[in-house]
Amino acid sequence: MKSSFEEIAEYLRANPEFFEAYASMLADIQVPNPHNGRAISLSERQILALREKNQILQNKLEELVLFGKENDAIAEKMHKLAVSLLTFRRLPDLLDGLAFALRESFSVPHSALRIWNTGIDEPLPPEFLPVSNEVHAMAENLLHPYCGPHIPDEIRSWFGEQAEHLRSFAMTALHGDQTIGLLVMGSEESQRFYPEMGTVYLARLGELASASLRRFRTA
């Protein structure tokens, strides 16, 4: 059963001419101020409501501007990383340069990389140490970067003594004509990499690393 308030609201919605017929009454209606309870006119209450809506929109605009600036900053860093990776002529320099950029430009304190199926024919750095079939299969099935608190113990061990202090991780697979590796980043902060975060730039990072490694293929 409808309350009298609901009936009045329905009547006013269905009969907007009521406000034209009793325009003077609108100026006399007093309603509670939502902030201090003091009685104010209906027009004042409408002004307050408009101000609150305007503040919400302003806050949203500022948030969007901030996101835009952050995205621009990340895009600029990605561009600089791409340029720098193109300059390396030796594979060890490339790997060191990638780790340095993650640490210094992207504030990723810890990273680990394992590479396979590249056909690179030269003395290989530690990043080419063998990994298990389980890691190979996981990388094959990692269609999108992973962010969160959990990684297999084998991958955690790649971080050495720092592994026990890490609380969040990001993983992106490296792909060529086949999967060629796995890049993992870790942080002591539990919310540095979280499941709901965007992964567009992580995917692009994997693409950059993959393309850079393919330059050193001999087969």
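Because only heavy atoms are used, hydrogens play no part in the values below, and waters and symmetry mates are left out as well, while side chains stay in. Remember, predicted model here, so these are calculated numbers, not experimental data.
Judged by distance alone, the side chain of Arg214 and the main-chain N or O of Ala209 form no donor-acceptor pair under 3.5 Å. A donor-acceptor pair under 3.5 Å links the side-chain atoms of Asn15 to the main chain of Tyr11, judged by distance alone. Formation of a donor-acceptor pair under 3.5 Å by the Glu154 side chain with backbone atoms of Val135 is not found in this model.
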Glu63 and Lys60: CA distance, side-chain angles, deciding distance, side-chain contact (heavy atoms from CB on, under 4.5 Å) verdict: CA-CA 5 Å; Glu63 182 180 342; Lys60 187 64 175 177; 4.2 Å; yes
Test log, rule side-chain contact (heavy atoms from CB on, under 4.5 Å), inputs Asn71 and Tyr201: CA-CA 9 Å; Asn71 282 334; Tyr201 286 109; 3.9 Å; yes
Residues Leu95, Leu91; criterion side-chain contact (heavy atoms from CB on, under 4.5 Å); working and verdict: CA-CA 6 Å; Leu95 299 175; Leu91 180 58; 4.2 Å; yes
Step-by-step side-chain contact (heavy atoms from CB on, under 4.5 Å) determination, Phe159 to Val184: CA-CA 9 Å; Phe159 292 93; Val184 188; 3.8 Å; yes
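With a 4.5 Å cut-off on side-chain heavy atoms, Leu81 and Ser105 do not count as touching. The shortest side-chain heavy-atom distance between Ile155 and Arg114 does not fall under the 4.5 Å cut-off. Counting only heavy atoms from C-beta outward, the side chains of Leu182 and Ile115 never approach each other to under 4.5 Å. Between Gln162 and His165 there is a side-chain heavy-atom pair separated by less than 4.5 Å. Inter-residue side-chain proximity for Leu205 and Met185 is flagged as met; some heavy-atom pair is nearer than 4.5 Å. Counting heavy atoms from C-beta outward, Arg192 and Val108 have side chains that approach closer than 4.5 Å. A 4.5 Å side-chain heavy-atom check between Leu113 and Leu174 finds at least one atom pair inside the cut-off. Contact annotation: the side chain of Val131 approaches that of Trp158 to within less than 4.5 Å [non-hydrogen atoms, C-beta and beyond].
To the nearest 0.5 Å, the span separating CZ on Arg89 from CZ on Arg215 amounts to 8.5 Å. Here the CE atom belonging to Met197 is positioned 8.5 Å from the OG atom belonging to Ser168, to the nearest 0.5 angstrom. From Arg204, atom CZ reaches atom CD1 of Ile74 across 10.5 Å, with rounding to the nearest 0.5 Å. Between the CZ atom in Phe169 and the OH atom in Tyr146 there is a gap of 8.5 Å [rounded to 0.5 Å]. A distance of 6.5 Å separates CG of Leu202 from OG1 of Thr172, quoted to the nearest 0.5 Å. In this structure, Leu85 CG and Leu213 CG are separated by 9.0 Å, a value rounded to the nearest 0.5 Å.
Across all non-hydrogen atoms, the minimal contact from Lys77 to Phe106 is CB-CZ, 3.6 Å. Closest approach of Ser84 to Thr87, counting heavy atoms only: O-OG1, 2.6 Å. Ser107 approaches Pro109 most closely through the heavy-atom pair O-CD, 3.3 Å.
Listed by chain and number, the residues in a side chain to side chain donor-acceptor pair (under 3.5 Å) with Glu76 amount to none (sequence neighbours excluded).
Linking Ile, Leu, Val, Met, Phe, Trp and Tyr residues whenever their side-chain heavy atoms come within less than 4.5 Å places Phe88 and Ile180 in a single cluster.
No hydrogens or angles considered: nothing links the side chains of Glu189 and Ser187 as a donor-acceptor pair under 3.5 Å. One side chain, Gln55 or Asn59, offers a donor N or O that lies under 3.5 Å from an acceptor on the other. Looking only at atom types and distance, the side chain of Glu188 has a donor-acceptor partner in the side chain of His110 under 3.5 Å away.
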Donor-acceptor list for residues 96-104 side chains, cut-off 3.5 Å, not counting sequence neighbours:
none

With a cut-off of 3.5 Å and sequence neighbours excluded, list every side-chain donor-acceptor pair involving residues 136-144.
residue	atom	partner	partner atom	Å
His136	ND1	Trp116	NE1	3.3
Glu140	OE1	Thr179	OG1	3.2
Asn141	ND2	Ala137	O	3.0

